[in-house]
Amino acid sequence: MEQTTPATPPATPPIAPKKPSSFTRHGITVSDDYAWLRDPGYPKVEDAEVLDHLKAENAWFEARMQPHQGTIDALFTEMRARVKEADKSVPQKDGDFLYWIEFEEGAEYKKWWRRPVGAADDGSADELILDEVALAAGHDYFRLGAISVSNDGSKLAWSVDDNGSERFTARIKVIATGEVLPDVIEGTNSGLIWVKGDSGLVYSLANENWRTDNVRLHWLGQPVDQDVELYHEDDEGFRAGAALSANEKWLILSTGDHETSEVRLVPADDPLAPLKLVKARQAGVEYDVDVRDDTLFVHTNDTHENFRLATAPLAAPGEWTTLIEGSDDFYLTGFDLFRDFYVVEGRVRGLDRIEVRYYDDPARIEPITFPEASYEASLGDNPEWAVEKLRVSYESMVSPASVYDYHVADKSLELLKVQEIPSGYDASLYETARLEITARDGTRVPVSVVWRKDRAEGGPLHLYGYGAYGIAIGPGFSTTRLSLVDRGFAYAIAHIRGGDDLGRRWYKDGKLDKRTNTFNDFVDVARGLIDRGFTQEGRISISGGSAGGELMGAVINSDPHLFGAVVAHVPFVDVLNTMLDESLPLTPGEWPEWGNPIEDAAAFELIRAYSPYDQVKPQAYPPLLVTAGLNDPRVTYWEPAKWVARLRELKTDDNELLLKTNMGAGHGGKSGRFESLKEMAEEFAFVLWQLGVPA
């Protein structure tokens, strides 16, 4: 659906009509005058009044931003100039081929290439295996889901979402001829795994509520309606999925929610064999597994919240023996098995750590060391079982993304590629710091900050936060961020509770009945940055998306005066209504994160007390830009639409309040590497406008 600008721009913002509606739960009646903005036919959105209102909001957004189009264009131009348009990844060996991806000049999407190992690097042997540019042609939205080459290298399976709904259509082709096979699997939301000599493909379907409650097997050449369900998950809060073991001999079927998991195994060459249960689910116990020879490796939080690594014989997979103890200091986030050694990843006081360890010598620990005091580092793509070097990714707030090979035998890093910034970048102009700011309850909250060395003290500052689902926000590099930093901003990331930046306890202290710690941390970080002279009250712009959008809504309800501009992307702001509606895709699986207000009166009261939509009140609010996606299955479009409608009704100021709904996109906004830059340019133009910073 195209967005069009009316011939005559609107002179006033749209006012959503109030249609009285209410419900009673736990003896409390809650009014919701904007409930009508949820189309009763959802997931189809065809109600004329709803669509007209969203279009009116878009028209108001366009009218208010139009005078700043020059700034938007300038920001987009400089952001694009930092992107190397003709770019390619470092080739990686997988079997008989080297694989890489490549962007052509001006292309929104990439192409996937390979060439035989040992072939000349002159293009003569290069083989295009998937062309996203061609697949995306004619679509306003395009997203590649899964891509998987068969074990013999002859076939390719891939899946595509062309409307943002997160329902992917999977197809298969013969690479040598380009012939697309008649097999079409619609509605997937998973990886695609080749099994049994490449005669079968394992996947998961998204059900009517976008939940992957199944693992299925498709035999090539057979009708899809004859596909076999290998596993079905009956708990509506759990999600099921599959992966292949590192040695590619076992299919690993996993199911779980945010705090409990359960795993089954079946031979990859005999996927219809009886499933082998590793250990029955136990509330609050998470685990994931991999296999080497006859030994199962288990990463679990059963004895320590920061996880341990255990082993078990395949013959008795539930008998776990500790290999690496859980630790208060080392948060063990994951592991990877290889033939001759294994690798563990984790964090120490929020700083990434990668260690090479050995099966035959448990005391031998070889950490990979990096030069900076604050950075992001992780294993990259390492598809082979028998390797002598590891692909590693590295970046910091001042160091562009780099790709290394770590040579295990001599413990050396070989630099393969540094992110190129065509318009130029001089790291010596910038400074970064990792601070700790004390929150109101005495907790020390880490903050990563970057700024230009010639920046004036007390200038504008942009503060970003997320704080949910145990997702850490690392101190990584961003080229778009430079458009603020080069205009005198300091840019800060608040590593607030709710993420797992400092370990599993950090996550637990920002969820369920401790959820408000997340909001308090963010506010206290803002105040702490003011106290340290980085900025001033009202000179702070803030942004967050999804659960980070909920954060935005909560902090402007509690402390609106601190912030001079707010950007909330696809914000999860109608928390109470969403958590009360178990038919929504976001809900049953989210109760371990937020609480179940249907059954728990205390959870109902707490969520109602912080839910941004429910807590909008008559007061002055800072300038606010809100985005939504009409096809978003995660944060449904009506959450931001209802929130903006209530803000328009109740706020007492004349500050800007803009809502932009992508009418053909989902949770991630527009697709394509340059289209997404346009939305970032709009966001930054709004921030500069509201803070009065010259463009």
Side-chain angles (χ1 to χ4, degrees), residues 9-10 12-13 57-76 78-79 451 455-456 458-465 480-492 494 522-523 525-527 529-530 534-545 548-549 551-571 573 612 616 619-628 640 643-644 647-648 650-660 678-695:
T12 59
E57 286 284 9
N58 280 350
W60 180 245
F61 166 83
E62 291 167 6
R64 297 302 294 161
M65 293 299 294
Q66 197 283 327
H68 307 281
Q69 190 60 48
T71 300
I72 296 169
D73 293 343
L75 287 165
F76 172 74
E78 69 184 48
M79 289 177 183
W451 65 93
R455 174 182 182 264
L461 178 141
H462 189 84
L463 181 60
Y464 174 82
T480 55
R481 182 189 299 152
L482 296 173
S483 291
L484 291 182
V485 175
D486 285 346
R487 288 173 172 80
F489 279 75
Y491 191 104
F522 191 85
V523 168
V525 163
R527 289 174 173 158
L529 290 168
I530 293 170
F534 275 95
T535 188
Q536 305 168 52
E537 186 175 294
R539 297 287 286 161
I540 303 175
S541 58
I542 59 175
S543 66
L551 171 67
M552 298 299 101
V555 301
I556 64 172
N557 279 336
S558 67
D559 295 86
H561 57 284
L562 283 179
F563 310 113
V566 182
V567 181
H569 293 293
V570 290
V573 285
V616 172
Q619 66 176 8
Y621 281 89
L624 184 62
L625 168 60
V626 183
T627 68
W643 184 43
V644 168
L647 281 164
R648 285 205 197 286
L650 294 177
K651 74 190 191 82
T652 60
D653 58 86
D654 295 322
N655 291 329
E656 293 293 336
L657 174 58
L658 305 179
L659 170 64
K660 177 187 178 182
K678 291 179 181 178
E679 296 193 329
M680 183 66 73
E682 289 175 344
E683 172 185 340
F684 283 7
F686 179 81
V687 166
L688 296 175
W689 168 28
Q690 296 307 316
L691 293 187
V693 176

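For the numbers below, each heavy atom of this structure counts, side chains included, while hydrogens, waters and symmetry mates do not. Given the structure is predicted, the values throughout are model-derived calculations rather than measurements.
Atom CD of Glu537 and atom CG of Asp559 lie 9.0 Å apart (nearest 0.5 Å). We find the CZ-OG1 distance between Phe76 and Thr480 to be 12.5 Å, quoted to the nearest 0.5 Å. Within the model, atoms CE of Met65 and CG of Leu625 stand 7.0 Å from one another, a figure rounded to the nearest 0.5 Å.
Residues that satisfy the side-chain hydrogen bond (donor to acceptor under 3.5 Å, both in side chains) test with Thr71, not counting sequence neighbours, are absent from this structure. Among residues two or more places apart in sequence or in another chain, the side-chain hydrogen bond (donor to acceptor under 3.5 Å, both in side chains) test is passed with Gln69 by Asp73. With sequence neighbours excluded, no residue satisfies side-chain hydrogen bond (donor to acceptor under 3.5 Å, both in side chains) with Arg539. When the side-chain hydrogen bond (donor to acceptor under 3.5 Å, both in side chains) test is applied to Arg481, no partner is found at least two apart in sequence or on another chain. Every residue two or more places apart in sequence or in another chain that forms a side chain to side chain contact (heavy atoms under 4.5 Å, CB included) with Ala568 is listed here: Met552, Pro571, Trp643.
Nearest approach of Leu463 to Ala526, heavy atoms of both residues: CD2-CB, 4.0 Å. Shown here for Val566 and Pro622, the closest heavy-atom pair between the two residues is CG2-CG, 3.7 Å. Between Val525 and Ala494 the shortest heavy-atom distance is CG1-CB, 4.0 Å. Nearest heavy-atom pair across Gly549 and Val573 is O-CG1, 3.9 Å. The two residues Asn655 and Asp653 make their nearest non-hydrogen contact at N-OD1, 2.8 Å. Of all the heavy atoms in Ala620 and Thr652, the pair that sits closest is N-OG1, 3.1 Å.
Put simply, the side chain of Gln690 never gets that close to the backbone of Pro623: no donor and acceptor are under 3.5 Å apart.
By the 30° and 60° cut-offs, the orientation of the rings of Phe563 relative to Phe522 is tilted.
Between His68 and Phe686 the shortest side-chain heavy-atom distance does not fall below 4.5 Å. Considering only heavy atoms from C-beta on, Leu562 comes within 4.5 Å of Val523 through its side chain. Counting heavy atoms from C-beta on, the side chains of Glu679 and Phe684 never come closer than 4.5 Å. You'll find the side chain of Gln66 stays beyond 4.5 Å of the side chain of Pro9, heavy atoms only. Side chains of Leu624 and Leu647 form a contact here, defined as non-hydrogen atoms less than 4.5 Å apart. Side-chain contact between Pro13 and Leu657: absent, with no pair of heavy atoms (C-beta onward) separated by less than 4.5 Å. For the pair Ile530/Ile540, a side-chain contact is recorded, criterion being any heavy-atom separation below 4.5 Å from C-beta on. Side-chain contact check for Val687 versus Val567: some heavy-atom pair is nearer than 4.5 Å.
Stacking of Lys651 on the aromatic ring of Tyr621 is not recorded, the 6.0 Å distance cut-off and the 45° axial limit not both being met.
Considering Glu57, Glu62, Glu683, Glu682 as possible partners of Lys660, the one that fulfils the salt bridge (charged side-chain N to carboxylate O under 4.0 Å, His left out) test is Glu682.
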Intermediate values then yes/no, side-chain contact (heavy atoms from CB on, under 4.5 Å), Arg455 and Phe534:
CA-CA 10 Å; Arg455 174 182 182 264; Phe534 275 95; 4.3 Å; yes
Evaluation steps, side-chain hydrogen bond (donor to acceptor under 3.5 Å, both in side chains), between His462 and Ser543
CA-CA 8 Å; His462 189 84; Ser543 66; 2.8 Å; yes
Identify each donor-acceptor pair in which a side-chain atom of residues 482-492 lies under 3.5 Å from a protein atom, sequence neighbours left out, and give them as a table.
unit_1	atom_1	unit_2	atom_2	d
Ser483	OG	Glu78	OE2	2.7
Ser483	OG	Arg82	NH1	3.0
Ser483	OG	Arg82	NH2	3.2
Asp486	OD1	Tyr430	OH	2.6
Asp486	OD1	Arg452	NH1	3.3
Asp486	OD2	Tyr430	OH	3.4
Arg487	NE	Ala695	O	2.9
Arg487	NH1	Glu78	OE2	2.8
Arg487	NH1	Ser483	O	2.7
Arg487	NH2	Glu78	OE1	3.0
Arg487	NH2	Ala695	O	2.9

